[in-house]
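Report on one structure; see the data block that follows.
Just so you know, ligand 1 is whichever comes first in the structure, and atom 1 is the first atom listed for that ligand.
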Amino acid sequence: MHKSECYSDWEGQISHRISTRDQLEKYIKLTPDESAAFDAEVPLSFAITPHYASLLKNDALRRAVIPTHHENVFRADELDDPLGEEDHRVTPHLIHTYPDKVLFLTTSFCSTYCRYCTRSRMVGKPSTSSFEETFLYIEKHTEIRDVLLSGGDPLTLTDAVLNKILSRLRQIPHIRLIRIGSKVPVVLPMRITDNLCSILRKHRVWLSLHFIHPAELSPQTQTACQKLSDHGISMVSQTVLLKGINDNTQTLVDLFYGLLEINVKPYYLLQCDPVRGSAHFRTTVEKGIQLIRSLHGHISGLAIPQYVIDAPGGGGKVPILGNEQIRREGDGVFFINYKGKEYYYPDPPSK
Ligand SMILES: *Cc1c(COP(=O)(O)O)cnc(C)c1O
C-alpha cells in the first residue's frame, strides 16, 4: 500500500504533510539542486500533501512544488506583490481592485504550496485578525456584486467556518455571486465530502479550481469533481502558463479536454505573474499568444480558456487574443486594460 492511502481523510493528509527534505526523500530521490535548495533561505513555505506527493513521478508536477535555487534569483522587474494588491487592500482580509468584485483572503494556509505563487509574500504565515471589518465593508459597499474567496486555500477551512462565512455573505442583498478559488480537489481530493458539497450547494457557490497539468487529473481528483458536479456545483478552472510544465499545445489540449470530461469549464489561462524569483517559470507573452492561437479553431471552443495577463501593478486581468494588442518594447510588452490605461509585463530573459 502506498503511503498516501494511509491517510484517507483530509485532516490526516494535512497532519501528515511533507514539509521537510527528509520527509520528501521518502517519496522521491532529490536532485542535488533540489536538495541544496533546502539549505538556502527559501522565502516561500514548503509543504505537499501525501496525495500530491504520490503524483510526483511526473516531472512537470515535481517542478511546480519542489524548490530549486532559481527561486533565489531575483530579476530587477520582479515584485513581491506583482498585482499591486497591497495598494487595493481595504481591510485586513479584502482586496478591492475592480469596481464590482472583491477578493476575500480567508486564510493564508494551503495544504500544498505552488512555487510560482503570486501571493508568496503572505501564504503560510499566520494572520489572526477577525473578518468583521471585511463583512462590514462589503455590506456598506452596495456596488459590490461578486465576492471571490481566496487565500491561501479557503477549502482548507472547516465546514463550520466556511458555512459561517458563506451564510453571512448570502445575507447581503447586493451580493449576487460567491466564488471560491481552490486547488483542494487536486491536492486534497478527500476534502470533498458530502457535507462540504451540501454547504457549497446551499449557498450556490461557484468553484474556480487551479489545475496546471493533465497528470493532476488523478482518479481521486476525477471522483472529487464528479461528486461536486453531482451536487450541482458549477466549476471553472484557472491554469497558470508555466515554462517546461505546460507550455506546449498537446499538454494544454489534454488538460482542457480532461477538465471538460469532469464538468470543469476551462476559464483562464494566466500569464505567470512576475513575482520575485519566478523567471524560470515564466514564458514570454509571445509564447502565450502562439499557444492560445494553436487552440482556437483546432479544438472544441468549450475547451479553450481565455488567455489573460493580470496587469502588474493592479490593472486587472486583460484578455489577450493576438499580437495586435501588444506593443513590444525592451524586454517586455505594453498592453491596455479595461480602463484604457497602459500596463507593462516584463518578459523573462530569453535564455
Ligand atoms: C482575478 C481577480 C478577481 C476576479 O476576476 P474575474 O476576471 O472576474 O474572474 C477579482 N479581484 C481580484 C483582485 C482578482 O485578482
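Panel note: side chain T239, backbone F211; a donor-acceptor pair is recorded below 3.5 Å. In this structure, H231 contributes its side chain and I233 its backbone to no donor-acceptor pair below 3.5 Å. Not a single donor-acceptor pair under 3.5 Å links the side chain of S278 to the backbone N or O of F281. The backbone N or O of D194 lies less than 3.5 Å from a partner atom in the side chain of S198, making a donor-acceptor pair.
Across R89, R179, H88, heavy-atom proximity to atom 4 (C) of ligand 1 is greatest for R179. Considering each of Y267, W206, Y98, the one bringing a non-hydrogen atom nearest atom 12 (C) of ligand 1 is Y98.
The proximity of Q238 to ligand 1, defined as any non-hydrogen pair under 4.0 Å, does not occur for either the backbone or the side chain. Neither the backbone nor the side chain of L83 comes within contact range of ligand 1; no heavy atom lies under 4.0 Å.
If you check the side chains of D33 and H69, you find a donor sitting under 3.5 Å from an acceptor. Side chain to side chain, R119 and S150 meet the donor-acceptor criterion of an N or O pair below 3.5 Å.
Where the criterion is an N or O separation shorter than 3.5 Å, residue side chain and backbone included, Y268 meets it with respect to ligand 1. Any N or O atom pair closer than 3.5 Å counts here, and K101 shares at least one such pair with ligand 1.
Put simply, the side chain of K287 does not reach to within 4.5 Å of the side chain of R282, judged on heavy atoms.
Looking from atom 13 (C) of ligand 1 to the surrounding protein, the closest heavy atom is T97 OG1, 3.5 Å. Here the heavy atom of the protein found nearest to atom 2 (C) of ligand 1 is K317 NZ, 2.4 Å.
Shown in contact with L148 at under 4.0 Å from a heavy atom are these atoms of ligand 1, numbered in order with element: 3 (C), 4 (C).
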